[in-house]
Structure formats: structure tokens, C-alpha cells
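Quick note: numbers below take in every heavy atom, side chains included, and nothing from hydrogens, waters or symmetry partners.
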Amino acid sequence: MSLPFFYDVINKAEGLYSPSTLKYPSASYLYFQRALYQRLFSVIDCKIPEHWDRDYLLYSLFGPGWQIVFNAGKYGIIPQFGSFSGTNLFYKPYSARVERYLKDGDSIRTGDMVIGKDCEILTVSPDWHGVADIINFYAEKLATLDSSINQSIVNSRYAFLVFAKNKSAAQAWKKIFDKINSGESLVVSNRDILKTDDLSNEDPFEVLDQDLSKNYITDRQLSDFRTIMNLFDNEIGLPHIQTEKKERLITDEATMNNAETVSRLVTMIRCLKESSERCIKLFPTLRGKLDFWITDFEKEGGGDDGKDETDTNWPL
């Protein structure tokens with residue numbers, strides 16, 4: 001099963017053609033990518049063996065979408081990346097292989113392991129894909145909108161433009177605005193700057209006034225930002241408050257739309273539970289040490305009833 005194409009893969013492919021287009025993630029894109037992963041993990045919790053790393057497991061599972069669980073000898077039963085080969089009757093991988101070279105010179109080399117006999121696969125979706133493609137999709141949109149918001153804020157600072165008839169008038173107006181911007185409440189200038197150097201009666205300057213209310217669209221862009229975040233929540237399966245409607249918002253419209261958002265998240269947790277059970281069946285020592293669930297963040301940390309435990313009422 002193939003994984004989503006990332007920037008480095010695209011660059012290698014397009015580098016074979018001329019002219020080619022270089023694609024790269026921006027700092028803003030990486031920021032939103034991290035934020036969206038953490039947004040997802042805020043409602044995911046798990047129980048894993050003590051010698052497993054929780055962060056590695058979550059990012060590996062919900063990013064690419066799978067992990068190979070096998071007995072690594074002195075390292076115990078662990079999850080790792082690897083490769084697959086062969087297909088079974090239902091066109092799923094038949095065997096898996098793990099090769100890891102560690103910093104201290106040690107290595108983990110398994111050879112081909114039959115899935116279901118020598119190893120098992122933890123997955124978050126039936127097609128063994130994670131959410132990296134979804135998160136990258138929305139991170140790009142948010143990063144693009146973020147640059148537009150920054151540009152809009154800069155553009156909203158533009159108030160008016162002065163065209164000076166001569167150099168002395170231009171210098172005088174620059175000095176006047178410097179004093180105003182420095183905070184002086186009263187600025188006095190020479191009336192001679194109103195005179196032209198020639199005998200015409202033209203004004204020495206012209207002013208182009210700009211209505212900032214027409215140029216200011218940041219409020220609408222921020223609303224679009226919230227809309228994209230809500231679309232991500234719907235896509236990934238995170239409950240959220242409907243806030244797009246700004247007038248006569250009634251109670252039912254402000255409640256969390258669990259029915260609309262919960263399907264994908266429930267599917268991922270169900271796949272994790274089912275694949276966890278297969279791991280436990282193959283490696284009985286994992287029983288009671290491996291489980292995944294969705295956290296009810298309304299009850300987390302104590303709700304109206306004052307309880308501290310998590311109340312998971314998700315339709316699993």
C-alpha cells in the first residue's frame with residue numbers, strides 16, 4: 001500500500017523534467033501541521049507497555065497509518081517501521097520486514113515475518129493509511145490564508161498618499177509626519193510650503209485619501225480561518241461548536257455536532273482496537289497493556305458533577 005506523496009518525493013519526481021518546480025513547506029505550514037496533529041491528539045488516549053514510546057507510536061500511527069509489532073529479542077515486543085512484501089488472498093501484505101541500525105552500532109534485522117504468525121500490524125484505518133494527507137491538505141490552506149491575513153493587516157495601515165509639487169514641499173511633509181508618528185499632539189509648520197516655485201496657481205501637493213473600511217478584510221479572513229478549522233474538525237472527526245452563524249444563534253445550533261464529526265474518529269479507534277486485539281492474541285504478554293480510546297474532553301478534569309475521571313460516551 002502506497003503512502004501519501006510529500007514534498008521531497010514530489011521534488012525528486014519533478015526534478016527529472018525541465019523546467020521543474022521546487023515545492024517546499026513554509027514555516028507557517030510546519031506550524032499548522034504541528035498544531036493540527038496536537039489538536040487530534042487532544043482527544044486520543046492510549047495505554048501501552050512501559051518500554052514503548054507514546055509520542056513515537058501516536059505520530060507513527062496517525063501519520064503514515066501503521067506500525068509492525070514483533071518480538072525484537074532483547075528489546076522485547078515493540079512497534080517499528082518496516083517494509084511489506086507479497087499479498088494474501090485479499091490483496092493485503094503477506095509478510096513484513098524490519099531493518100533498523102542504531103547509533104551504538106547495534107541493529108534490528110528481522111528478515112521476512114509472516115503477518116499473523118510472526119508479527120502483527122497496528123493500523124488506524126482499513127486501508128492502512130493515516131491522516132498525514134488530511135493534515136497536510138488543511139495545513140497548506142491555513143498557511144496560505146495566514147499569509148493573506150498578514151498582507152491584509154499591512155495593507156490596512158495605508159491611509160492616504162501625498163503627491164508633492166516640489167522637493168521642499170516633499171521634505172516638509174515627511175518631517176511633519178515624522179513628528180506626528182513620534183507622538184507630538186501639535187505640529188506647527190511654515191506656510192511657505194504652500195507656495196509653488198513657479199508662477200502658476202496650482203497647489204503644491206495633492207492628497208489621495210483611502211477609505212480603510214473598504215480595504216480592511218482581515219475580519220472576514222479570520223472568519224474563514226475558523227471555517228477551515230471547523231472543516232478540519234469535521235473531516236478528522238473532532239467535535240466542535242458551530243460558530244459560523246452570528247445572529248439569533250439558538251441553543252441547538254450551538255451544541256457540538258457529534259453525529260456529523262464522529263464517524264472517521266470512531267473508525268480509526270475501532271481499527272486500533274481490532275488490530276490491538278490481534279497483537280494481544282499473537283503476543284499474550286500485551287494483554288491489559290495495549291488499548292486506545294477517545295477522550296471525552298467535556299468531562300476531562302471534572303465536569304458539572306465534579307468527577308475527575310474521563311467519561312467516554314462515544315458510540316464505539
*Candidates Thr123, Leu61, Leu290 - the one meeting side-chain contact (heavy atoms from CB on, under 4.5 Å) with Leu272*: Leu61
*Going by the angle between their ring planes, with limits at 30° and 60°, are Tyr37 and Tyr59 parallel, tilted or perpendicular?*
tilted
*Between Phe32 and Phe225, how do the two ring planes meet: parallel, tilted or perpendicular, split at 30° and 60°?*
tilted
*Of the options Asn150, Asp146, Thr144, which is the one that meets Ser28 in a side chain to side chain donor-acceptor pair (under 3.5 Å)?*
Asp146
Taking a hydrophobic cluster as the set of Ile, Leu, Val, Met, Phe, Trp and Tyr residues connected by side-chain heavy atoms closer than 4.5 Å, whether directly or through intermediates, do [X] and [Y] fall within one such cluster?
{"X": "Val114", "Y": "Leu122", "answer": "no"}
{"X": "Tyr94", "Y": "Trp128", "answer": "no"}
{"X": "Leu102", "Y": "Tyr56", "answer": "yes"}

Atom of [X], atom of [Y] and distance for their closest heavy-atom approach:
{"X": "Ile269", "Y": "Phe292", "result": "CG2-O, 4.0 Å"}
{"X": "Ile78", "Y": "Ala72", "result": "CD1-CB, 3.6 Å"}
{"X": "Gln67", "Y": "Pro79", "result": "OE1-C, 3.4 Å"}
{"X": "Glu235", "Y": "Ile134", "result": "CG-CG2, 3.5 Å"}

[atom1]/[X] to [atom2]/[Y] distance, rounded to the nearest 0.5 angstrom?
{"X": "Lys179", "Y": "Leu186", "atom1": "NZ", "atom2": "CG", "value": "10.0 Å"}
{"X": "Ile135", "Y": "Leu142", "atom1": "CD1", "atom2": "CG", "value": "11.0 Å"}
{"X": "Asp45", "Y": "Ile294", "atom1": "CG", "atom2": "CD1", "value": "11.5 Å"}
{"X": "Phe137", "Y": "Ile228", "atom1": "CZ", "atom2": "CD1", "value": "9.0 Å"}
{"X": "Cys279", "Y": "Ile121", "atom1": "SG", "atom2": "CD1", "value": "8.0 Å"}
{"X": "Lys92", "Y": "Asp127", "atom1": "NZ", "atom2": "CG", "value": "9.5 Å"}

*Would you call Arg226 and Asp233 a salt bridge, using N to O less than 4.0 angstrom?*
no
Side-chain donor or acceptor of [X] paired with backbone N/O of [Y] under 3.5 Å:
{"X": "Thr110", "Y": "Val98", "result": "yes"}
{"X": "Arg278", "Y": "Gly116", "result": "no"}
{"X": "Ser223", "Y": "Asp219", "result": "no"}
{"X": "Lys273", "Y": "Asp291", "result": "no"}
{"X": "Trp52", "Y": "Ile77", "result": "yes"}
{"X": "Ser60", "Y": "Leu57", "result": "no"}

_Heavy-atom side-chain contact between Leu286 and Pro49 under 4.5 Å_ = yes
*Please say whether more than 12 non-hydrogen atoms of neighbouring residues, nucleotides or ligands are located less than 6.0 Å from CZ in Arg34.*
no
